[in-house]
Amino acid sequence: MAAMGATISSMPVSCSSKSFDVVIKGGTVFDGTGKPGFKADVGISADTITAVADDISSGRARKVIDAQGLCVSPGFIDIHSHSDSSIISYPTADSRVLQGVTTEVTGNCGGSIVPVEGEDGRQWLKEWKEENEIDSECEFSDPASYFDYLERTGISVNHALLAGNGTLRSIAAGSQDRAFSADELKSVSRSLEICLDQGCVGFSTGLEYVPCNYSRLEELEALVAIAARRDALYATHIRNESATLLESIEEAVEMGRKTGVRVEISHFKAAGKPNWNKQEAALELIDSARAEG
């Protein structure tokens, strides 16, 4: 347990005579770097870890948590979530918080709750609110207004949103299996830039799903290149997780190689017993790409 978004030293450090809001005493600290755990007390001021030390006096804390025999760590990050809509209905995110998750990355697999554009988008938002009994004051159309609503509502976890390729493609071309026109690609590229400008941390694709699977490689490369220029993440639910698993991983790696983007592959698995023997080769592809840089 630790303050959300905080980082801690891998070795105990001394602290001054300052006071703390919370001191976690006597636990074994695992700092998230992969190094062995070490015994230490953790001092927290407001929402920030301000000391990791051998023995912080209980008298210097407004609240003391006895962690003897327990492990202490920074909050966990769930890098693949689809809660960008459900967080509105369940802002306390009990199922995440009680497991130690303090940050969620949402908008995965090419589907993000924003942007919402056009008559179809407004109709979807209206029906979604009615179905989920969402407050009528819940209004958003882009990442900025969505984040503003979450801030006003108050949620219990940090929320990082990816801009979904399927969402952007649906706005431009619906569910049609065709290439973008030059104007459509320009429009979608601008929409992605706006999403990143307004706080989205990356771009996601769901290449097994309609309409993402209708995206031509040159279109994807143009969009992924925008994410790369902003040092944003490219999170991809790859095109296939069974018979053509290796080819699908190669596609994701090649996208990173061509654009320089940081790539995260979702649902990394070999589905179906006939494909289990591909696991070692799949891991080798990842290791090779990392070694390449």
Side-chain angles (χ1 to χ4, degrees), residues 1-108 147 149-162 199 201-202 233 235 262 264-269 279 283 286-287 290:
M1 55 195 305
M4 292 187 294
T7 57
I8 57 180
S9 169
S10 59
M11 292 295 291
V13 295
S14 61
C15 56
S16 65
S17 58
K18 66 179 292 183
S19 59
F20 304 95
D21 292 307
V22 178
V23 168
I24 304 172
K25 287 194 64 66
T28 300
V29 174
F30 291 87
D31 66 2
T33 65
K35 296 180 180 179
F38 55 91
K39 286 284 188 179
D41 296 344
V42 178
I44 301 171
S45 301
D47 63 355
T48 302
I49 295 171
T50 52
V52 181
D54 289 328
D55 187 14
I56 300 176
S57 170
S58 299
R60 291 162 54 193
R62 294 174 57 191
K63 180 179 181 180
V64 176
I65 298 174
D66 182 3
Q68 291 285 343
L70 301 175
C71 298
V72 182
S73 77
F76 301 135
I77 299 171
D78 182 351
I79 198 171
H80 191 98
S81 173
H82 293 276
S83 68
D84 32 333
S85 58
S86 60
I87 190 68
I88 294 173
S89 298
Y90 305 98
T92 56
D94 293 9
S95 64
R96 305 310 175 109
V97 173
L98 293 173
Q99 295 181 77
V101 173
T102 57
T103 299
E104 291 188 303
V105 182
T106 69
N108 282 284
F147 292 141
Y149 180 79
L150 293 185
E151 287 283 352
R152 287 186 285 109
T153 301
I155 59 176
S156 298
V157 290
N158 297 310
H159 193 88
L161 181 68
L162 302 165
V201 298
L233 180 69
R262 293 180 289 120
E264 185 263 314
I265 294 177
S266 300
H267 312 306
F268 189 75
K269 65 177 182 287
Q279 293 174 348
L283 290 168
I286 299 298
D287 290 340
R290 284 179 171 169

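Just the heavy atoms: all of them, side chains too, but no hydrogens, waters or symmetry mates, feed the values below.
- Taking every heavy atom of both residues into account, V72 and A67 meet most closely at CG2-CB, 4.0 Å.
- Judged purely by atom type and a 3.5 angstrom limit, D41 has no side-chain atom pairing as donor or acceptor with the backbone of A53.
- Interatomic distance, L233 CG to R262 CZ, rounded to the nearest 0.5 Å: 5.5 Å.
- Residue T153 holds its OG1 atom at 9.5 Å from CD of E151, rounded to the nearest 0.5 Å.
- Considering only heavy atoms from C-beta on, I24 comes within 4.5 Å of I44 through its side chain.
- Nearest approach of I87 to A93, heavy atoms of both residues: CD1-CB, 4.1 Å.
- The shortest heavy-atom contact between A46 and D21 is N-OD2, 2.6 Å.
- Remark: S45 pairs with T50 by the side-chain hydrogen bond (donor to acceptor under 3.5 Å, both in side chains) rule, at least two apart or across chains.
- A donor-acceptor pair is defined here as one N or O able to donate and one able to accept, closer than 3.5 Å; no such pair exists between the side chain of D78 and the backbone of T103.
- Qualifying side chain to side chain contact (heavy atoms under 4.5 Å, CB included) partners for D66, counting only residues two or more places apart in sequence or in other chains: Q68.
- How far CZ of F20 is from OG of S57: 10.0 Å, rounded to the nearest 0.5 Å.
- Across all non-hydrogen atoms, the minimal contact from P91 to G154 is CB-O, 3.4 Å.
- Listed here is the closest heavy atom pair of G43 and I56: N-CD1, 3.7 Å.
- Taking CZ of R96 as the reference point, atom OG of S81 lies at 4.0 Å (rounded to 0.5 Å).
- Residues I88 and I155 have side chains not in contact (no heavy-atom distance under 4.5 Å, counting atoms from C-beta outward).
- A 6.0 Å sphere centred on CZ of R152 holds more than 12 heavy atoms belonging to other residues, nucleotides or ligands.
- Annotation for I286: atom CD1 counts as buried by contact number, over 12 foreign heavy atoms lying within 6.0 Å.
- Applying the ring pair (Phe, Tyr, Trp, His ring centres under 6.0 Å) rule to H267 yields the partners H80, H237; only residues at least two apart in sequence or on another chain are considered.
- Here the CG atom belonging to N108 is positioned 9.5 Å from the CG atom belonging to L161, to the nearest 0.5 angstrom.
- Dense packing is recorded around CZ of F268, with more than 12 heavy atoms of other residues, nucleotides or ligands lying under 6.0 Å away.
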Kindly determine whether V42 and I49 satisfy side chain to side chain contact (heavy atoms under 4.5 Å, CB included), including the steps that lead there. CA-CA 7 Å; V42 178; I49 295 171; 3.8 Å; yes
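- Put simply, the side chain of L162 reaches to within 4.5 Å of the side chain of V201, judged on heavy atoms.
- Between K25 and D55, at least one side-chain nitrogen of the basic residue sits less than 4.0 Å from a carboxylate oxygen of the acidic one, meeting the salt-bridge criterion.
- Atom OG of S266 is separated from atom CD1 of I79 by 8.0 Å, given to the nearest 0.5 angstrom.
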Could you walk me through whether D84 and H159 pass side chain to side chain contact (heavy atoms under 4.5 Å, CB included), step by step? CA-CA 8 Å; D84 32 333; H159 193 88; 4.0 Å; yes
